[in-house]
Structures are given as structure tokens and as C-alpha cells.
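To start, the structure itself, in C-alpha cells.
Note that the structure is a prediction, hence the values are computed from the model and not measured. Read the numbers this way: they start at 1 and go in the same order the structure lists the ligands and their atoms.
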Amino acid sequence: MQKHPLVDEILISKAEIIKRCQEISNAIDKFYKEKNIKEIILVGILKGCIPFLAQLLNYLTIECETEYLTVTSFLGSIEANQEPKIARDFDTNINNRDVLIVEDIIDTGYSLDLIIKHLKLKGANSIKIVTLLDKTMKRKVELNADWVGFNVPDKFLIGYGLDFQEKLRNLPYVATANMSKIKNWDWNKH
Ligand code: IMP
Ligand code: MG
């Protein structure tokens, strides 16, 4: 496969992601089955969750609904924001319901911290977290995902939902970005 010019190294291939999504979906199904929970609501965190959430939906067998929250957490390009905001909320009533948050990546944890508080206020009965990627060494708040696809190094990543300046979410793999090229990249010239 042709590598995008802004890719430095492909860390996780599409085949690896698909295989891991099958394993995670099975683990999620099993977890709720053992708790005798019959249906859940997935809350995807836009925009990065889309490819991962879609892949999980292929394999989950528990009855589930989907909702989405938009959180603004990155200041423009590659810097994490200490004060993320919920830019778009959903209307579905989740009072007493079992919620599974679907994230692309956990970095500092600031966004998820805010999201969890928000969903608790809405009256969720239980809140679990599944993330495709985890940068555990970057954590600023104590918070762990219940299911993690892959632990990743402290590098700026692109692809499979992860963006740089809203682009590159469509790469079918997770890659490290070429940092020297990306800084002065002109999208119109390529
Ligand atoms: P946190 O609030 O620091 O945990 O940031 C989480 C959010 O930052 C994720 O949901 C992503 O949208 C974004 N993010 C974190 N690391 C990366 C990265 O390496 N590339 C692209 N986006 C990232
Ligand atoms: Mg995100």
C-alpha cells in the first residue's frame, strides 16, 4: 500500500485493528452478559471515534443504541487543551442506562474526565470506556479505560480517525506523523 507522504511509520495496520476490534467486542459482550445487562448505549466522541466505533458495531452482539458527543480538546493542531468543552450534546435520555464511551485515543485524560462528569449528571447507571489507543504515560488525571485496543508511544499519531488539522482521519491505519514535513504542509499543493 502507498504510504501517505505525511506518514513516518505505520504503527498499526488495518488487519491488526480489525482483529483487535473483534477481540474487544467479544470481551464487551461477555462483560455485560455476566452482569445481566441486556442493552447499552454507545456514546461515541466525535469526530475521531467514527472508524473505530463502526468497526466495533460490526462485531458487538449485545443490543445497543448509538449517540455522539462532540468535544473540542485540541487547540488547532497538535497541542492538547487543558480545558476541553462539550461543543455538541445529544438529547436521548440516558437516565439509569448503561453507557459505553467510545474514544479514539486517551492522552492527558482531560476530555474523558469532563465527559464522565457530564454523563453522570445525565443520570447514567454505569459508565464504561473503550478506546482504540492509549498514551498512558501522558495521563494528567487518574483515569483508565476498561478496554484498550493498543498502547501507543508519546508521539503525534494520525489515521483511523485521528486527525491533523481535521485531515488524515481517512488513513486506514494508525501511523506516526512526519513532524518536519507536517509543520509546513500546504494541503493545496499536494
Ligand atoms: P486528552 O483530553 O488529552 O485525553 O485528549 C484526547 C483527545 O485528543 C483525543 O480524543 C484525540 O481527539 C486527541 N488526540 C490525542 N492524541 C492525539 C494524537 O496523537 N493525534 C491526534 N489526536 C490526538
Ligand atoms: Mg477524541
Side-chain angles (χ1 to χ4, degrees), residues 3-14 16-17 20-21 24 42-56 66-90 99-121 127-185 187:
K3 236 173 50 173
H4 189 282
L6 286 176
V7 165
D8 185 24
E9 187 193 347
I10 296 178
L11 290 189
I12 312 163
S13 70
K14 185 178 176 180
E16 286 174 297
I17 295 172
R20 193 75 188 107
C21 285
I24 290 175
L42 309 187
V43 174
I45 311 307
L46 293 175
K47 305 168 189 167
C49 75
I50 292 293
F52 178 48
L53 189 141
Q55 202 55 249
L56 292 178
T66 53
E67 267 302 353
Y68 300 90
L69 279 178
T70 307
V71 178
T72 47
S73 58
F74 263 32
L75 288 171
S77 49
I78 61 170
E79 253 178 284
N81 186 346
Q82 290 218 0
E83 284 178 47
K85 288 198 171 55
I86 305 226
R88 196 165 9 176
D89 199 358
F90 57 83
V99 174
L100 176 60
I101 301 172
V102 184
E103 256 288 24
D104 50 0
I105 185 165
I106 311 177
D107 188 23
T108 61
Y110 287 133
S111 329
L112 258 185
D113 194 45
L114 169 81
I115 292 160
I116 290 167
K117 285 181 185 139
H118 181 74
L119 296 173
K120 278 187 180 157
L121 278 176
I127 302 174
K128 294 284 163 191
I129 304 162
V130 59
T131 187
L132 176 63
L133 308 170
D134 197 347
K135 286 183 184 168
T136 46
M137 74 298 285
K138 291 282 296 295
R139 208 70 98 249
K140 293 279 171 52
V141 290
E142 211 181 299
L143 174 160
N144 286 308
D146 298 279
W147 297 277
V148 176
F150 304 89
N151 285 301
V152 286
D154 178 17
K155 290 185 174 161
F156 186 69
L157 305 176
I158 48 178
Y160 219 83
L162 299 176
D163 72 304
F164 170 66
Q165 294 180 347
E166 294 299 329
K167 297 194 174 62
L168 306 175
R169 296 189 197 275
N170 56 322
L171 302 180
Y173 45 74
V174 175
T176 52
N178 182 321
M179 297 313 287
S180 51
K181 272 193 199 166
I182 214 167
K183 288 200 174 110
N184 308 304
W185 193 252
W187 299 104

Sub-4.0 Å heavy-atom contact, I45 with ligand 1: no
Could you tell me whether the side chain of V148 reaches within less than 4.5 Å of the side chain of N151, counting heavy atoms only? yes
D163: numbered ligand 1 atoms lying under 4.0 Å from its heavy atoms: 21 (C)
Would K47 count as a contact residue for ligand 1, given that I'm defining contact as a non-hydrogen atom of the residue lying under 4.0 Å from a ligand atom? no
Just to check, does D104 reach to within less than 4.0 Å of ligand 1 when the distance is taken from its heavy atoms? yes
Under 4.0 Å from one or more heavy atoms of S111, ligand 1 contributes atoms 1 (P), 2 (O), 5 (O), 6 (C)
Sub-3.5 Å donor-acceptor pair from the side chain of K181 to the main-chain atoms of D8, do we have one? no
Distance under 6.0 Å and angle within 45° of ring axis: K167 vs W187: yes
Show me which atoms of ligand 1 lie under 4.0 Å from any heavy atom of F156. 18 (C), 19 (O), 20 (N), 21 (C)
Is the shortest distance from a heavy atom of K155 to ligand 1 less than 4.0 Å? yes
Between D113 and K140, does any NZ, NE, NH1 or NH2 come within less than 4.0 Å of an OD or OE carboxylate oxygen? no
At less than 4.0 angstrom from any non-hydrogen atom of E103, what atoms of ligand 1 do you find? 10 (O)
Answer side chain, backbone, both or neither: which part of K138 comes under 4.0 Å from ligand 1, heavy atoms only. neither
Between D107 and R139, is the salt bridge (Lys or Arg N to Asp or Glu O under 4.0 Å) condition met? List the steps. CA-CA 6 Å; D107 188 23; R139 208 70 98 249; over 6 Å; no
side-chain contact (heavy atoms from CB on, under 4.5 Å) test vs L133 passes for just one of I106, I12, D104, namely I12
So is G109 close enough to ligand 1, meaning a heavy atom under 4.0 angstrom away? yes
Using the six-membered ring wherever Trp is involved, compare the ring planes of F164 and F156 and label them parallel, tilted or perpendicular (cut-offs 30° and 60°). perpendicular
Electrostatic pair K47:E166 at N-O distance under 4.0 angstrom: yes
Under 4.0 Å from one or more heavy atoms of K135, ligand 1 contributes atoms 16 (N), 17 (C), 18 (C), 19 (O)
Within the structure, does L157 bring an N/O atom to less than 3.5 angstrom of an N/O atom in ligand 1? yes
